[in-house]
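Just so it is clear: chains get the letters A, B, ... in the order the sequence lines come, proteins before strands, and each one is counted from 1.
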There are 2 protein chains.
Amino acid sequence: MDMTPRKEKILAAVVESFIRTGEPVGSKTLMGELDFRVSSATIRNEMADLVEMGYLEQPHTSAGRVPSTLGYRYYIDKLMNKLEMNKDESESIEKSVASGRGDPEQLLEKAGEVIARLTNCAAITTLPAGEQACVRRAEFVPVSNRTAMVVLLTSAGTLKSKACRGDMPITQQTVERFYAVCAAHFLGKPLEEIGTVMLQTLVASLGEYALEMSPYFVALADLANEALKSDVLLEGQSNLFNHRELSGSVPDIMELLRKGEPLSKLLSAGEKDGLNVKIGTENEYKQLSNSSVIVSRYNVNGSRSGALGIIGPTRLNYAKLIPYMQFISGVVGKILSETLED
Amino acid sequence: MDMTPRKEKILAAVVESFIRTGEPVGSKTLMGELDFRVSSATIRNEMADLVEMGYLEQPHTSAGRVPSTLGYRYYIDKLMNKLEMNKDESESIEKSVASGRGDPEQLLEKAGEVIARLTNCAAITTLPAGEQACVRRAEFVPVSNRTAMVVLLTSAGTLKSKACRGDMPITQQTVERFYAVCAAHFLGKPLEEIGTVMLQTLVASLGEYALEMSPYFVALADLANEALKSDVLLEGQSNLFNHRELSGSVPDIMELLRKGEPLSKLLSAGEKDGLNVKIGTENEYKQLSNSSVIVSRYNVNGSRSGALGIIGPTRLNYAKLIPYMQFISGVVGKILSETLED
DNA sequence: GTTAGCACTCCAAGCTAACGAGTGCTAATT
DNA sequence: AATTAGCACTCGTTAGCTTGGAGTGCTAAC
């Protein structure tokens, strides 16, 4: 069976009506929403075809139709008219986001808040990735007799620290040795190279000081690792409660979001032109089979860097939200570019 | 009407049975759980008295009895026998918690995880408070032409940092001035003294460099403020979903927990001997009127320092969980004392 | 003071009927 | 050949009703 212009119009009308109301859409309702006049019987025939083609589903025999994953997909890829944002709106959004200017973490947090508020969804954001980052600076601050703070600053602007307890008292020599080793083995090194292997050879080369110094370098390597996997921020989780159709799965979704790793996986999906939409069962996590995820990447100084995303019901107002996400990721990218390079 | 030993036994049995099963307790059920034999009619009479006295409630005329807030309170204060923890258990708990040794944040996070797992509740923890902490160290790390990381380390071991964008290019002089001003006005100063007033006089005294330098000191003061309000960690939020009786209020509770301020308020309540239990309507937040909060403070080197808490339904196994909380806060205090002072 | 007995209350679960929205099909119409 | 009116049919939802059982409060006897 072939797709016809009329079928497309009907499909679009079903999707839009369902997005608006959340109720299955019947043939009579649809009559009032189409820009051409046909009888409900005709619409029923067409809808039956669309069901057969896999674009619509019916919850039960005597109910209206609901878009399937495939239906949403077709709508988004071919039928949807993105809503233009008006000037006032975009300016006010930009102002809100820009209030987090200065510190990347603060900025992304702010952006997440804004997104969560605008979309009534859970917002996830990643900090600029540190993939090609290297060690810019390492500090060693004694806190007590046997404890020191080890601090790592990367070229991507990430700062990580850890308190670390050694087995021997810390002396002035300890501090000096730390900085000497850092200068020789860490400073300027890409984070990726600081792995267990590198660490082992380093410890071996420490000779008699290995026992004294190794805890601190182990800590430093830990920090490098943490800095490498870009942090994910989560905002507006509780918005999920506002969507009736998710009610049953909110606990499962939250459980999924609690762990960092699935989150970064979700966000790393952004491919073509920085925007990616995963609808319902297109998601690899089955907890999200009733949800949609919209991810938009942002670029800092021209290279792909991090991403903003939302998680909500499949029944999202894509025509409105997709432009939002693109706009906000643009703003974030712009502000970060200004902040980090200048 | 007076409390009698028999009434006390009946109250305790009702509370314990209800905690165990979650079902209202009837007079017949109770017969089997008391260590003396009386008829169900007698128990009914006594229970009617307990209702009148405010210790029990009945959901409706023909249902069993449920403990009221007052009933729980009486049980916890006068009737409860704390369960002893067995050796194996306490050792394994201590080992789990101790795996976070080294870094305070990591430790408290670990402790929160352990608590959440053991209690099936949401766990909240605070890092050691920085109340009397002072500025131990400040660092200024240029990241780009106009942006620098400002880093603050307190004597309590808290490390905070912020990227900060100035209005003028950063030069070697900027850096030197920063450290000079820090040495003169920040190092060694109690965090509490670094407020807006102090900042204003400082900026005034900067003279011609005010414009160039003030953003960094504003950032530094921000950091001091952040370090002052002790951070709160939240673990096992999703455990709340496991309690049927909370189902309706989980969204409200999560919304409450999302904000930092109510959290620290909850935790700061711990008074007498470090342990505090707030039952149902005893909580000042109405979202928690069906929940109980158990808070146990921990001490670092003898002075009250931070707290661990759980949030769950009123129907908590207090006799088991209170010892847990006391034990874990003891472990946390011990480990932190070792780490921070030595 | 305690207990057996009994009438009473009230929730929960299951059943039925009425309803209404929406469908699929058929036969008539354009 | 496509469209439409008409109609019987399906199925979920809601309301009302019944039944069963758990538990109570009261009274009278012990």
Side-chain angles (χ1 to χ4, degrees), chain A residues 1-11 13-15 17-18 20-68 71 244-245 247-248, chain B residues 1-11 13-15 17-18 20-68 71 244-245 247-248:
Chain A
M1 196 164 323
D2 285 346
M3 192 49 114
T4 65
R6 194 169 71 178
K7 282 195 172 57
E8 287 189 336
K9 280 191 175 177
I10 290 176
L11 174 56
V14 171
V15 172
S17 172
F18 184 72
R20 203 161 359 92
T21 68
E23 299 293 323
V25 189
S27 51
K28 266 190 190 150
T29 320
L30 224 42
M31 274 209 298
E33 317 217 340
L34 290 170
D35 58 357
F36 53 89
R37 281 211 45 85
V38 284
S39 74
S40 63
T42 308
I43 297 177
R44 277 204 290 283
N45 287 331
E46 295 284 54
M47 289 207 294
D49 289 350
L50 286 168
V51 169
E52 199 179 331
M53 294 160 79
Y55 295 120
L56 296 180
E57 289 168 352
Q58 33 190 347
H60 50 90
T61 7
S62 74
R65 305 308 209 285
V66 161
S68 67
R244 187 106 44 91
E245 58 264 58
S247 60
Chain B
M1 197 164 324
D2 286 347
M3 192 49 113
T4 65
R6 195 169 68 178
K7 281 193 172 61
E8 287 189 335
K9 281 192 176 177
I10 290 176
L11 174 57
V14 171
V15 172
S17 171
F18 184 72
R20 201 160 2 90
T21 67
E23 299 293 324
V25 189
S27 50
K28 266 191 189 148
T29 320
L30 225 41
M31 276 210 296
E33 317 218 339
L34 291 169
D35 58 357
F36 52 89
R37 282 210 45 84
V38 286
S39 74
S40 65
T42 308
I43 296 176
R44 276 204 292 282
N45 288 330
E46 296 282 52
M47 289 208 294
D49 290 349
L50 286 167
V51 169
E52 198 180 332
M53 294 160 79
Y55 295 119
L56 296 180
E57 289 168 352
Q58 34 191 346
H60 50 89
T61 9
S62 74
R65 304 309 208 285
V66 163
S68 67
R244 185 108 42 93
E245 59 264 57
S247 60

Pairs under 3.5 angstrom, nitrogen or oxygen only, protein versus nucleotides 15-20 of chain C, please.
none

Which pairs, protein N/O on one side and nucleotides 13-19 of chain D N/O on the other, fall under 3.5 Å?
none

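Taking the salt bridge (charged side-chain N to carboxylate O under 4.0 Å, His left out) definition, one finds that A:D2 meets it with nothing, sequence neighbours left out. Not counting sequence neighbours, the partners of B:T42 by the side chain to side chain contact (heavy atoms under 4.5 Å, CB included) test are B:R6, B:V38, B:S39.
If you take CZ of B:F18 and P of D:dG23, they are 14 Å apart, rounded to a whole angstrom. Atom-to-atom, CE of B:M1 to C1' of C:dG1 comes out at 15 Å; the value is rounded to the nearest Å. For B:L34 and C:dT2, the CG to P distance is 13 Å, given to the nearest whole Å. Look at CZ on A:R65: it is 17 Å from P on D:dT10, rounded to the nearest Å. For the pair B:E23 CD and C:dA12 P, the interatomic distance rounds to 10 Å; values are reported in whole Å.
Along DNA chain C, the nucleotide nearest to A:K28 and the one nearest to B:R6 differ in position, and the one closer to the 5' end is contacted by B:R6.
Of all heavy-atom pairs spanning A:A13 and A:L34, the tightest one is CB-CD2, 3.8 Å.
A side-chain donor-acceptor contact under 3.5 Å links B:T21 to the backbone of B:S17.
For residues 32-52 of chain A, the set of pairs meeting the ring-ring contact (aromatic ring centres under 6.0 Å, His included) definition, not counting sequence neighbours, is empty.
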Listing, residues 23-33 of chain A side-chain donor-acceptor contacts under 3.5 Å, not counting sequence neighbours, or none:
unit_1: A:S27; atom_1: OG; unit_2: A:R44; atom_2: NH1; d: 3.3
unit_1: A:E33; atom_1: OE1; unit_2: A:R20; atom_2: NH2; d: 3.2

Using atom types as modelled, flag every donor-acceptor pair under 3.5 Å from a side chain in residues 49-66 of chain A to any protein atom, sequence neighbours excluded.
unit_1: A:D49; atom_1: OD2; unit_2: A:K7; atom_2: NZ; d: 3.2

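For D:dG25, the OP1/OP2 oxygens have a side-chain nitrogen or oxygen of B:Q58 closer than 4.0 Å.
If you check C:dC10, C:dG22, D:dT10 against the side chain of B:H60, the one that comes closest is C:dC10.
Contacts with DNA chain C (heavy atom under 4.0 Å) in residues 36-54 of chain A: A:R44, A:M47, listed by number.
Taking CG of A:L11 as the start and OG of A:S68 as the end, the distance is 8.0 Å to the nearest 0.5 Å.
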- DNA chain D in dot-bracket form (Watson-Crick or G-U pairs under 3.5 Å, [ ] crossing, | inter-strand) is ||||||||||||||||||||||||||||||
